[in-house]
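Worksheet: one structure, shown below.
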Amino acid sequence: IEDETQVSRATQGEQDNYEMHVRAANIVRAGESLMKLVSDLKQFLILNDFPSVNEAIEQRNQQLRALQEECDRKLITLRDEVSIDLYELEEEYYSSSSSLCEANDLPLCEAYWRLDLDTDSADGLSVPLLASPEPSAGALQAAAPAHSHASGPGPTEHS
């Protein structure tokens, strides 16, 4: 025997079903709201975590300074080695009996250019020398043959 109430069973079932849907939708909305809040907190932490950002920047600066110091040490070592080798080469050049001029006349690079020019003129190639008549007026410079340039005036050939 059924007890008669104000609401029939079918109506009570529909009401319970509707109430479950509403509660489920509220639970889903609350979950999405929590996920959005967690996302906002993560973004805020990432963007506004100045101590960790500063620490990362400082660590990178230290790495780059160490690399710079290592490069500087290597460059200084290389400079010293090249300087020693150049000194030895100049000593050998100036002390050799086959040099074209005395040690006081020309620096090594200019003496090389003169030697190179002498061999080129023997081959029929003529590269003129620009020289000042006094030794104290300046260094000798070799002038390359003139080439025409469309973009503007180039070096001119002196005789």
Side-chain angles (χ1 to χ4, degrees), residues 16-121 123 125-132 134-158:
D16 291 343
N17 188 19
Y18 178 71
E19 190 176 324
M20 285 190 298
H21 283 293
V22 169
R23 288 185 180 183
N26 286 340
I27 291 172
V28 169
R29 191 169 359 115
E32 289 175 350
S33 177
L34 283 174
M35 289 177 63
K36 173 80 169 112
L37 180 64
V38 168
S39 174
D40 289 345
L41 287 173
K42 286 180 181 180
Q43 183 179 7
F44 180 79
L45 180 65
I46 290 171
L47 295 178
N48 297 316
D49 189 16
F50 295 116
S52 65
V53 170
N54 290 339
E55 181 180 334
I57 290 171
E58 185 62 34
Q59 185 179 15
R60 183 67 178 154
N61 282 341
Q62 288 175 354
Q63 290 173 345
L64 292 175
R65 283 190 188 115
L67 181 63
Q68 179 185 8
E69 290 172 3
E70 180 184 347
C71 289
D72 288 345
R73 282 194 305 271
K74 287 181 180 179
L75 284 172
I76 289 172
T77 303
L78 184 63
R79 181 199 64 192
D80 293 343
E81 291 174 2
V82 167
S83 175
I84 291 169
D85 291 343
L86 180 62
Y87 178 77
E88 291 173 357
L89 286 171
E90 285 179 344
E91 286 294 317
E92 179 66 28
Y93 176 79
Y94 290 130
S95 67
S96 70
S97 61
S98 65
S99 69
L100 294 175
C101 55
E102 293 298 316
N104 295 335
D105 289 347
L106 296 172
L108 180 62
C109 61
E110 292 171 5
Y112 171 77
W113 278 106
R114 178 169 289 254
L115 176 65
D116 189 37
L117 292 173
D118 289 344
T119 58
D120 284 346
S121 62
D123 295 337
L125 299 174
S126 174
V127 178
L129 274 180
L130 296 176
S132 61
E134 301 124 281
S136 63
L140 294 175
Q141 293 180 344
H147 298 287
S148 64
H149 295 288
S151 62
T156 58
E157 184 171 338
H158 300 283

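Note that the coordinates shown come from a computational prediction; the quantities given were computed from them, not determined experimentally. When a residue number appears, it is its place in the shown sequence, counting from 1.
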- Tell me, with the steps shown, if Asp40 and Lys36 meet side-chain contact (heavy atoms from CB on, under 4.5 Å). CA-CA 6 Å; Asp40 289 345; Lys36 173 80 169 112; 3.1 Å; yes
- Ionic contact status for Lys74 with Glu70, cut-off 4.0 Å: yes
- Item | Electrostatic pair Glu19-Arg23, nearest N-O below 4.0 angstrom |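 A salt bridge is present here (some side-chain N lies under 4.0 Å from a carboxylate O).
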Approximate separation, where rounding is to 0.5 Å, of [X] [atom1] and [Y] [atom2]:
X: Ser83; Y: Leu78; atom1: OG; atom2: CG; value: 11.0 Å
X: Leu37; Y: Leu41; atom1: CG; atom2: CG; value: 4.5 Å
X: Arg79; Y: Ile84; atom1: CZ; atom2: CD1; value: 10.5 Å
X: Ile57; Y: Ser52; atom1: CD1; atom2: OG; value: 9.5 Å
X: Arg29; Y: Glu32; atom1: CZ; atom2: CD; value: 9.5 Å

- Item | Any donor-acceptor pair under 3.5 Å from Thr77 side chain to Arg73 backbone |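 Present.
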- Note, Pro51 side chain near Asp49 side chain (heavy atom, < 4.5 Å): yes
- Is the closest side-chain heavy-atom distance between Arg60 and Leu64 below 4.5 Å?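 Heavy-atom side-chain distance check passes, below 4.5 Å.
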- CD of Gln63: more than 12 outside heavy atoms within 6.0 angstrom? yes
- Steps toward side-chain contact (heavy atoms from CB on, under 4.5 Å) verdict (Glu90, Leu86): CA-CA 6 Å; Glu90 285 179 344; Leu86 180 62; 4.1 Å; yes
- Task: Before giving the answer on side-chain contact (heavy atoms from CB on, under 4.5 Å), spell out for Gln62 and Glu58 the whole-Å C-alpha distance, their side-chain angles and the decisive distance to 0.1 Å.
- Result: CA-CA 6 Å; Gln62 288 175 354; Glu58 185 62 34; 3.9 Å; yes
